[in-house]
Amino acid sequence: MLKAVLFDFDGTVGNTLPLCIAAFQKAITPLAGRSFSEREIVATFGPSEEGTIRALIPQFYEQGVEGYLHYYRELHSMCPAPFPGIPELLGDLKKWGAAVALVTGKGARSCRISLERYGIAEYFDAVETGSPDGPVKPEGIRAVLEKFRLAPAEALYIGDTASDIAASRSVGVPAAAAAWAQTAELSELRRNRPDLLFTTVAELHAYLQKQLSRDSVGKTEE
């Protein structure tokens, strides 16, 4: 019985990956005295943005973090709204009685900026953010399970990368691949064999409606 739906953020809730890269480039280029390619920046992903700054310009850590957050906020108009259908999906999940959580590698401060810009903070019953020391999504997923006293099979984690699938699987939570962003690598997601794969938010919405309606019927019959 599905009781909780957990979401990644970048590339799943919003098309914020290009924003993240642009903010990094704006913040670190003047400090480092050279530009960094998208590939160089993405290679550091896993930790929160503080971890990326630490990896690329450790001697300018504090300036780099503050600069990143400044440009992340300033450039947020690059992705002014969540993916179409996400707010409606979150609203319906609440109506259907599911717990809704966010488990992201983003740092707490940038996550707060985006949630406020998108006006969707109220939909999340729990928010677990990243760490500068390395990937912590499995721990974040476990924390949500503990908060709501759920078995792994009672939750679903939705993310757009192979690492999201691995993190979810390591905790025993079914993994749904979100393949609707332009940055999603569909072939890689398929190679990692998620439990479910959706190429549009509408497909995910229809699936969750069916699952939660069925679970509601089951509760009534019991």
Side-chain heavy atoms under 4.5 angstrom apart, residues restricted to Ile, Leu, Val, Met, Phe, Trp, Tyr: same cluster for [X] and [Y]?
X	Y	answer
Ile53	Leu31	yes
Leu19	Leu69	yes
Leu90	Phe9	yes

Do the side chain of [X] and the main chain of [Y] share a donor and acceptor less than 3.5 angstrom apart?
X	Y	result
Ser77	Pro80	no
Arg117	Arg73	yes
Gln63	Phe60	no
Glu203	Thr199	yes
Trp180	Thr12	yes

Please walk me through it: do Leu204 and Leu196 pass side-chain contact (heavy atoms from CB on, under 4.5 Å)? CA-CA 9 Å; Leu204 172 63; Leu196 300 160; over 6 Å; no
Distance under 6.0 Å and angle within 45° of ring axis: Arg34 vs Phe36: yes
Between Lys137 and Asp8, is the side-chain contact (heavy atoms from CB on, under 4.5 Å) condition met? List the steps. CA-CA 9 Å; Lys137 282 189 178 178; Asp8 170 49; 2.9 Å; yes
Where do [X] and [Y] come nearest, in terms of heavy atoms and distance?
X	Y	result
Gly14	Phe83	C-CE1, 3.2 Å
Ala155	Leu145	CB-CD2, 3.8 Å
Tyr123	Gly119	CE1-O, 4.4 Å
Pro47	Gly51	CB-CA, 3.9 Å

Is any NZ, NE, NH1 or NH2 atom of the basic residue among Glu66 and Arg109 found under 4.0 Å from an Asp or Glu carboxylate oxygen of the other?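 Result for this pair is yes, salt bridge flagged.
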Electrostatic pair Asp125-Lys147, nearest N-O below 4.0 angstrom: no
Is a side-chain donor-acceptor pair under 3.5 Å present for Tyr72 with Lys26?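 No.
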Between Ser110 and Glu49, is a side-chain hydrogen bond (donor to acceptor under 3.5 Å, both in side chains) present by the stated rule, with each step listed? CA-CA 9 Å; Ser110 65; Glu49 54 264 31; 2.4 Å; yes
Inter-residue atom distance Leu6.CG - Leu150.CG, 0.5 Å rounding: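 With rounding to 0.5 Å, CG (Leu6) is 8.5 Å from CG (Leu150).
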Can the ring centroids of His76 and Tyr118 be said to lie less than 6.0 angstrom from one another? yes
For Asp10 and Asn15, what are the C-alpha separation, side-chain angles and deciding distance, and is it a side-chain contact (heavy atoms from CB on, under 4.5 Å)? CA-CA 6 Å; Asp10 296 317; Asn15 188 33; over 6 Å; no
So His205 and Trp96, would you call those rings parallel, tilted or perpendicular, with 30° and 60° as cut-offs?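 Perpendicular.
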